Amino acid sequence: EVQLLDSGGALVQPGGSLRLSCAASGFTFSKFAMTWVRQAPGKGLEWVSTISDNGGNTYYADSVKGRFTVSRDNSQNTLYLQMNSLRAEDTAIYFCAKPPSTQVYLSHWGRGSLVTVSS
Amino acid sequence: DIQMTQSPSSLSASVGDRITITCRASQSINSWLAWYQQKAGKAPKLLIYKASSLESGVPSRFSASGSGTEFTLTISGLQPEDFATYYCQHYFSYPVTFGQGTKVDIK
């Protein structure tokens, strides 16, 4: 069974940093691109970033480009999102998600990790 | 960037009703479109991929169609568990984008 366990969410001050993790199991992690999607309180879904299966290609939403870095450790079956220069508008639940194949639609999702940016 | 616009933003319906949600892309995305259902406090659930392919385990009352720039999701015979928010998402190119969502609630 595919499992994605998001963790690392916390309360952080504006301008601060945080790293989210997503521990994967139940599938061959190194064969799939992985994606982060976020959802601000009461708002819709926003794609944040995708990383290719080997980590060689990364993609970002304009809203986080230059501040967030996605990475992965295929030996540990773990996905990361390093978030720097955090802003109030980054407050959201962050979901990690995987596709069923090489496409970028998402068949499996973590439960989400809450990031709150506030002083 | 490709913008995805859903309509309506919300709708009220009764159990047994047939409802249709529309998603429009700002440029052609061929059939690279997915639909998700999200219930409060939960992660989204994939319903449809490649515009009209039903994800395994999703009830057949869900159907979808479209290509290019206009797409629809139809639920035939709304069930109590279908009251939720629905999102479309294109995956034609980066950046991937979602529609703003359609909330379906009980009339």
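Only heavy atoms go into these numbers, but all of them, side chains included; no hydrogens, no water, no symmetry mates. Here the structure is a predicted model, which means the values were calculated and not measured. Chain naming here is simple, since letters A, B, ... match the order of the sequence lines and numbering starts at 1 in each.
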Once you round to the nearest 0.5 Å, how far does OH of B/Y91 lie from OG1 of A/T35?
13.0 Å
When rounded to the nearest 0.5 angstrom, what distance separates CG in A/L45 from OG1 in B/T97?
11.5 Å
For B/A43 versus A/G110, what's the shortest heavy-atom pair and its separation?
CB-O, 3.3 Å
Show the nearest heavy-atom pair for residues B/P95 and A/W47, with the distance to one decimal.
CB-CZ3, 3.4 Å
Would a hydrophobic clustering, with Ile, Leu, Val, Met, Phe, Trp and Tyr connected at side-chain separations under 4.5 Å, put [X] with [Y]?
| X | Y | answer |
| --- | --- | --- |
| A/Y80 | A/V115 | no |
| A/F32 | A/V2 | yes |
| A/L18 | A/I51 | yes |
| A/V48 | B/M4 | no |
| B/Y86 | B/V15 | yes |

With a 4.5 Å heavy-atom cut-off, do B/P44 and A/L106 have their side chains touching?
no
Close side-chain approach of B/F98 to A/V37, heavy-atom, < 4.5 Å:
yes
Enumerate donor-acceptor pairs with a distance under 3.5 Å from any side-chain N or O in residues 45-59 of chain B to protein atoms, sequence neighbours excluded.
none

Given 3.5 Å as the limit, does a donor-acceptor pair link the side chain of B/Q89 with the main chain of A/V104, or not?
yes
Check each atom of A/T50 against the heavy atoms of chain B and say whether the ones under 4.5 Å are side chain, backbone, both or neither.
side chain
Considering only heavy atoms and a distance below 4.5 Å, find which of A/Y60, A/F95, A/Y59 pairs most often with chain B.
A/Y59
Relative to chain B, which of A/Q39, A/E46, A/K43 shows the most heavy atom pairs under 4.5 Å?
A/Q39
Does A/Y105 form a ring pair (Phe, Tyr, Trp, His ring centres under 6.0 Å) with B/W32? I'd like the steps, not just the answer.
CA-CA 9 Å; A/Y105 62 94; B/W32 304 119; 8.7 Å; no
Atom CZ of B/R18 with >12 non-hydrogen neighbours under 6.0 angstrom
no
Any chance CZ of A/R67 has more than 12 other-residue heavy atoms, nucleotides or ligands included, within less than 6.0 Å?
yes
Less than 6.0 angstrom separating the ring centers of A/W109 and B/Y36, yes or no?
yes
